[in-house]
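First comes the structure, then the notes that go with it.
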Amino acid sequence: MVLHISSALTASALHPLLCFCFHNTYPEMENASGLHRQLASMKKNLFDQGYLDEQFYQLEELQDESSPNFVEEVVTLFFRDSSRSMANIDEALQQCPRDFHRLDKFLHRLKGSASSIGAAKMKNECTRLREFCSEENLDGCLRSFQKVKNDHTILRQKLENYLQLLRQVGPVDRASRSGS
Amino acid sequence: MSSPRGPKACGGGAVDRQIHVLAVDDSSVDRAVIARLLRSSKYRVTTVDSGKKALELLGLESSELREIPVVIMSSENVPNRINRCLEEGAEDFLLKPVRPSDVARLCNRMR
């Protein structure tokens with residue numbers, strides 16, 4: 001009998017579903033796995049639609065017990081930083097005469113932080129915007145910047161939803177987080 | 001070099017051989033990322049947001065400053081600028097976004 005119980009415990013340690021079955025919390029497990037699926041699907045969308053790239057995985061990999069909110073912290077820093085950059089860019093584009101050199105500095109900053117969190121769409125549009133800037137093509141800059149602003153707004157919403165769900169799910173094991 | 005940025009590794013004291021890195025970057029996002037990367041490799045990390053603050057923090061003579069290994073981090077992949085950094089004495093040049101493999105490579109060199 002003792003052997004039987006201990007082997008069941010060993011099995012449950014290896015298989016989370018089994019564990020919950022034995023401990024009679026199957027409904028909770030089902031809900032948790034539903035959230036996991038939702039989370040995975042949300043993330044897959046973000047990647048498939050090109051909003052995020054590999055760098056975001058890198059950030060998730062850096063999150064662990066010693067740094068349990070790392071992703072959320074970095075994302076928060078990014079939106080604070082990028083909002084400021086974008087206000088500066090807005091102002092620089094209104095300014096007369098335009099200082100394209102100054103504008104490029106702000107763009108470099110915005111592109112850099114987008115790249116650091118894996119915000120692929122924003123990063124790519126910033127690259128295009130910098131090209132217009134280097135050509136001193138104001139019209140191109142304005143059109144491209146509008147796209148950057150849209151990408152920023154959408155990404156912010158999607159990441160807020162993602163992080164909210166991540167918080168609900170709680171400590172997620174690495175196996176279910178990595179990959180798409 | 002147009003801007004003094006990049007992590008610097010200081011030799012640890014006699015008792016504590018842990019390397020202490022001073023990470024300098026004006027981007028809060030990049031500071032957070034590089035600090036996390038280095039800390040997960042067991043480095044002790046201090047971050048500052050400017051070269052000026054870095055020099056104030058270090059408060060060293062130029063002869064001592066020269067002893068500190070410097071690694072440059074930049075998002076710009078400009079070969080002649082990278083070469084210049086290395087020629088001017090940088091230990092290494094990391095292209096952003098910095099990955100764990102970049103830090104691992106550094107760890108091996110700094111042993």
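Residue numbers start from 1 in every chain, and the chains themselves are labelled A, B, ... in the order their sequence lines are given, proteins ahead of strands. Predicted model only: the values in this text are computed from it and were never measured.
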More than 12 heavy atoms of other groups within 6.0 Å of B:Glu61 CD: no
Side chain, backbone, both or neither of A:Phe78 within contact of chain B (heavy atoms, under 4.5 Å): both
Proximity breakdown for A:Thr76 and chain B, heavy-atom pairs closer than 4.5 Å: neither
Ion pair B:Arg36/A:Glu73, N-O distance below 4.0 Å: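 The answer is no: the pair does not qualify as a salt bridge.
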Passing option when B:Pro97 is tested against A:Glu54, A:Gln58, A:Gln55 for side-chain contact (heavy atoms from CB on, under 4.5 Å): A:Gln55
Part of B:Ser28 within contact of chain A (heavy atom distance under 4.5 Å):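 It is both, since atoms from each part get that close.
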Would you be so kind as to tabulate the donor-acceptor pairs closer than 3.5 Å made by side chains of residues 147-156 of chain A, with sequence neighbours excluded?
{"unit_1": "A:Asn150", "atom_1": "OD1", "unit_2": "A:Gln146", "atom_2": "NE2", "d": "3.4"}
{"unit_1": "A:Asn150", "atom_1": "ND2", "unit_2": "A:Gln146", "atom_2": "O", "d": "3.4"}
{"unit_1": "A:His152", "atom_1": "NE2", "unit_2": "A:Ser82", "atom_2": "OG", "d": "2.8"}
{"unit_1": "A:Thr153", "atom_1": "OG1", "unit_2": "A:Lys149", "atom_2": "O", "d": "3.0"}

Top contributor to chain A interface from B:Leu37, B:Val29, B:Val98, B:Val33 [non-hydrogen pairs under 4.5 Å]: B:Val29
Residue-level interface, residues 109-137 of chain A with chain B, non-hydrogen cut-off under 4.5 Å: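 Result: A:Arg109, A:Gly112, A:Ser113, A:Ser115, A:Ser116, A:Ile117, A:Arg130.
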